[in-house]
Amino acid sequence: MYYDLTPQEKERVEMGAFFAITIDPVGYGDLAMVVIWTFVLMVGMAATTYMWINRHYAPLKAKNIPLMTGIYMHSVFFFLGDLTLCGLVHVRGPFFANCTLMLVWFRSMFGNFALGSLLAIRSYKLYRVFCKNKPMHGNRRCIPYLLFLALIVIVGTVSTAVPRSMSVEYIEGIEFCIVNQHLVTA
């Protein structure tokens, strides 16, 4: 990955202006953001690993370690999708240039929606245990997860099935993913 303003990068910015898209050249500020957030996610991975290793310690056991691991994993998905949407990296190759995977699935479904849903489920569980003084055991605790998973699959599949002009599309010349302004998930 290069960070100098090369002639190809200048051409990319000019071509983006032709399409009425403001493109900020990928530079050292973007590299700094990627490095900082990667470091933050690595600290989160270390904390998650520590929780799993010491899962029988009572204060950690009460934190619902699988749910917290899910929240961490969805934060990683959000970060990967955000790299593409914010233009922090060059959008090329089979991974980053797949706009549907990066923006619809990673950022929207597994990032925004899943992260918000898991935090809401965690809040509801804490409310039920501490305010209502009722346990969260049995089959009832699986219902929010199943609803959340069903909604992700339905909305993500519909967003993937619609034509690219209605969701997200890749513009090869400027190496950029365009999100339709009427797309709800992005």
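Just so you know, these numbers come straight off a predicted model, no measurement behind them.
A 4.5 Å side-chain heavy-atom check between Phe113 and Val155 finds every atom pair outside the cut-off. Within the 4.5 Å cutoff, side-chain heavy atoms of Leu80 are placed close to those of Leu83. The shortest side-chain heavy-atom distance between Asn133 and Cys131 does not fall under the 4.5 Å cut-off.
The shortest non-hydrogen separation linking Ser167 to Val162 is CB-CG2, 3.8 Å. A pairwise comparison of heavy atoms in Met51 and Ile65 identifies O-CD1, 3.4 Å as the closest pair. Scanning all heavy atoms of the two residues, the minimum distance from Val104 to Gly156 falls at CG1-O, 4.2 Å. For Trp52 against Thr69, the heavy-atom pair with the smallest separation is NE1-OG1, 2.6 Å.
Here Leu41 contributes atom CG and Thr48 contributes atom OG1; the two are 10.0 Å apart, rounded to the nearest 0.5 Å. Of the inter-residue distances, the one linking Met102 atom CE with Asp82 atom CG reads 9.5 Å to the nearest 0.5 angstrom. The OG atom of Ser117 sits 9.0 Å away from atom NE2 of His74, with the distance rounded to the nearest 0.5 Å. Separation of atoms CG (Leu147) and CD1 (Ile152) is listed at 11.5 Å; rounding is to 0.5 Å. Atom CG in Leu31 sits 9.5 Å away from atom CD1 in Ile36 (nearest 0.5 Å).
Judged by distance alone, with hydrogens and angles left aside, the side-chain atoms of Asn54 form a donor-acceptor pair with the main-chain N or O of Tyr50 at under 3.5 Å. Without hydrogens or angle criteria, Arg122 side chain to Leu119 main chain gives no donor-acceptor distance under 3.5 Å. Looking at Arg128, its side chain does come within 3.5 Å of a backbone N or O of Pro135 through a donor-acceptor pair.
The hydrophobic cluster containing Val153, built from Ile/Leu/Val/Met/Phe/Trp/Tyr side-chain heavy atoms closer than 4.5 Å, comprises no other residue.
The cluster map of Ile, Leu, Val, Met, Phe, Trp and Tyr, joined by side-chain heavy atoms under 4.5 Å apart, puts Leu115 and Ile154 in different clusters. Criterion: ILVMFWY side-chain heavy atoms under 4.5 Å apart, direct or through other members. Under it, Met42 and Phe79 are part of a common hydrophobic cluster. Put simply, Met68 and Leu149 are part of two different groups of oily side chains (I, L, V, M, F, W, Y) that touch within less than 4.5 Å, one to the next. When hydrophobic clusters are built by joining Ile, Leu, Val, Met, Phe, Trp and Tyr residues whose side-chain heavy atoms come closer than 4.5 Å, directly or via intermediates, Ile53 is not grouped with Tyr57. One hydrophobic cluster, built from ILVMFWY side chains closer than 4.5 Å, holds both Met33 and Phe77.
Taking the six-membered ring for Trp and thresholds of 30 and 60 degrees, Phe148 and Tyr145 have ring planes more than 60 degrees apart, a perpendicular arrangement. Ring geometry for Phe110 versus Trp105: interplanar angle of 30 to 60°, hence tilted.
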